[in-house]
Student: 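Starting off with a structure, shown below.
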Amino acid sequence: MDNAFHRLTSEHCDLVIRTQPFAEIVYFGPHLQHFSAQDCQSLLRPVANGKLDVDAPLTLAAELGRGLFGSPGIEGHRNGLDASPVFSTRQVEQNGHSLLITSEDTQAGLRLISEIQLSGSGVLQIRHGLRNLRAEPWQVDRLAVTLPVADRAREVMAFHGRWIREFQPHRVTLDHDSFVIENRRGRTSHEHFPALIAGSHGFSEQQGEVWGVHLGWSGNHRLRCEVKTDGRRYLQAEALYLAGEMALAEGATLWTPWLYASYSASGLNGMSQQFHRFLRDEIVRFPDNKARPVHLNTWEGIYFQHDPDYIMQMASRAAELGVERFIIDDGWFRGRHHDRAALGDWYLDTTKYPNGLTPVIDHVKSLGMEFGIWVEPEMINPDSDLFRAHPDWVLKLPGYEQATMRYQWLLDLSNPQVYDYLLERMSWLLGEHAIDYVKWDMNRELVQAGHEGKAAADAQTRHYYRLLDELNRRYPHIEFESCASGGGRIDYEVLKRCHRFWASDNNDALERNTIQRGMSYFFPLEVMGAHIGNRHCHATFRQHSIEFRGLTALFGHMGIELDPIKADAAEGSGYQRYVQLYKQWRPLLHSGDFWRVDMPDSTMQVQGVVSRDKAAALFLVSQLAMPDYSLAGNLRFPGLEPGARYQVSIADHPDIQVVGKGGHTMRQLPPWMNEGIELSGEWLAQAGLALPVLDPESAILISVKRI
Ligand code: DGJ
């Protein structure tokens, strides 16, 4: 019996799984220092009255056929038959931190292959492959990954959102039934980021136990937290298939997306730090390990008004400001003068660029910057040469009108001609120009996604990956940014192919504070595109100081998105200052441990990064609204070395008014802000540092350096 239990172990957490005669996760929690397989006997359950007369396991495949009475992990059939599979283990291979379990149901003619890995960072990865062993196709309605969590995980946190307001967390207490998020928008979506966090009562940034999961998939999905009537609870995640979309031919295997899970005994920060470390160790690859260059993106500067002479002037000014990568956004290709035409026509607009793109690229490079360009390959406008030539290339179902969104439709990537056309056009662009960077946009959702009359949303996502994989293979030096009207396609599977996310089309620093904080639960700062936008934000019409905008963009992969020629002297020197500050601190920001700090006043948001060796840290205090209290309280710094002494000083602050005139919030600064202060790591963590009273929509930056 003992060798029926396998353990995967890491510094922070362990997974124990029983593998015979079927696979069942029996433990996913804190790291065990004294594990003995024998001890697992203690978990053998009683059989309750009024139930089946046998124990009903919560297996890896969560089969209904074993008496689960909950949301099963597999649903489907073979023309109505073989619809309730029950799997028995055939083979188990453990290789260090990886486990491969092969199970079969010979009655139903199905094989299940389960891959489970626990990385050194503590992130657990699980996926299943379902293989049809019979001649007749097996229609897959659902195939999910199920992860049991402890019954003390009573609260559930998820993220809602929309365009220009991504990654907004919300919570429920779940004692019965299910909490489900379903995404049918065909891309990862602004609305339903594919993640769930279950945790102990009142879990917070710094306290409580949490089990967080993310499904690495850029299409339709369903995530669920379910509490069974017997009190057991589990998280479940899957790609969501449309009716008839997924039929398995004989010998074919359908793989679920990877489920990524992280357990933390120290609140949400521990979970995030494990996810960040995992991405840094295993997923994100920057060509030549390059530091994340400062961007200038032309979009909110010139929109569709492309004049190469003017763009070159913008580039010259950008270089003076310290910009390292210059990106031409939408508007460069044939007939693209507004958003109602030309998507699909991936040829240079020679009326705008009569001498080609090369003079602009050469100019940008002569200034020592990289050159980037915007594309949106998956789309087609009805008003385009491509549509006039190939009206049948649209992703739709025959016999129905397909609504446009931003005046556009999707191209059917399952059509090999469409795929080949896009590969050829993108290869022309990337192969014949000295391009270092591509912002890959995707500005509409999938409605009645069809190929040859059948649903094809899942296939669309897979072909998108295939196209991007091929371009990555052909042009390994080029970096890609994933953008979908801002943050509509942000997930780990995209990150295997991209190097940056455009977090949101909202450059309002106030909104960005919450959006970026929400994104930080699963993503580190170096992949989070964060731009200093115009003083008058184009998304909200709010106005913010350059300090607030600059400091907000500092906690990300910084860029500027405006016309630097039009900026006045104060703005210009502000951009320069924050670009320099970013360059100074990015080695720390992009490698250290990220902390969100619980503050008693919810109008204040604090985040920081502490270097892995705890020698340096940078904390940002953002005052989002009018403070609740007349004093701001003490900031207790997490993550430092208790026994070390640190020099704490102000690294940046707005033009704080302390004279008591004009209705500002503070008459006298806390003394440390004038001359800095030396404190122990322990004191900083336990007692803290008195914060200034800040005006709403302002921020300060505090640097901490070991002496
Ligand atoms: C939507 C993106 O999110 C913006 O940043 C910009 O690239 C526009 N598309 C261009 O059309």
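Both counts, for ligands and for their atoms, begin at 1 and track the order of listing.
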Student: Considering only non-hydrogen protein atoms, determine which one is nearest to atom 6 (C) of ligand 1 and report residue, atom name and distance to 0.1 Å.
Tutor: Asp329 OD1, 3.4 Å
Student: Heavy-atom pairs closer than 4.0 Å: do any link ligand 1 to the side chain of Asp339, the backbone, both, or neither?
Tutor: neither
Student: For ligand 1, is there an N or O atom under 3.5 Å from any N or O atom of Asp441?
Tutor: yes
Student: Are Tyr437 and Glu481 close enough that a side-chain donor and a side-chain acceptor fall under 3.5 Å?
Tutor: yes
Student: Check whether any N or O atom of Asp505, backbone or side chain, sits under 3.5 Å from an N or O atom of ligand 1, and answer yes or no.
Tutor: yes
Student: Would you check whether Arg406 reaches within less than 4.0 Å of ligand 1, judged by its heavy atoms?
Tutor: yes
Student: Quick one: look at Glu376 and ligand 1, take heavy-atom pairs under 4.0 Å, and tell me if it's side chain, backbone, both or neither.
Tutor: neither
Student: Take the angle between the ring planes of His160 and His170 and call it parallel below 30°, perpendicular above 60°, tilted in between.
Tutor: tilted
Student: Heavy atoms only, cut-off 4.0 Å: how does Cys483 contact ligand 1, side chain, backbone, both, or neither?
Tutor: side chain
Student: Any luck finding a side-chain donor-acceptor pair between Asp505 and Trp163 under 3.5 Å?
Tutor: yes
Student: Give me the nearest non-hydrogen protein atom to atom 5 (O) of ligand 1 as residue plus atom name, then the distance to 0.1 Å.
Tutor: Lys439 NZ, 2.7 Å
Student: Which residue supplies the protein heavy atom nearest to atom 11 (O) of ligand 1, what is that atom called, and how far is it?
Tutor: Asp330 OD2, 2.6 Å
Student: Relative to Phe555, does Arg517 satisfy both conditions: NZ or CZ under 6.0 angstrom from the six-membered ring centre, and within 45 degrees of the ring's axis?
Tutor: no
Student: Centre of Tyr582's six-membered ring, under 6.0 Å away, within 45 degrees of the axis: is that where NZ or CZ of Arg292 sits?
Tutor: no
Student: Less than 3.5 Å apart, any donor N or O on the side chain of Tyr421 or Gln417 sitting next to an acceptor on the other?
Tutor: no
Student: Taking atom types as modelled, is there a side-chain donor on Asp329 or Thr298 under 3.5 Å from an acceptor on the other?
Tutor: no
Student: Does an N or O from Glu561, backbone or side chain, lie closer than 3.5 Å to an N or O of ligand 1?
Tutor: no
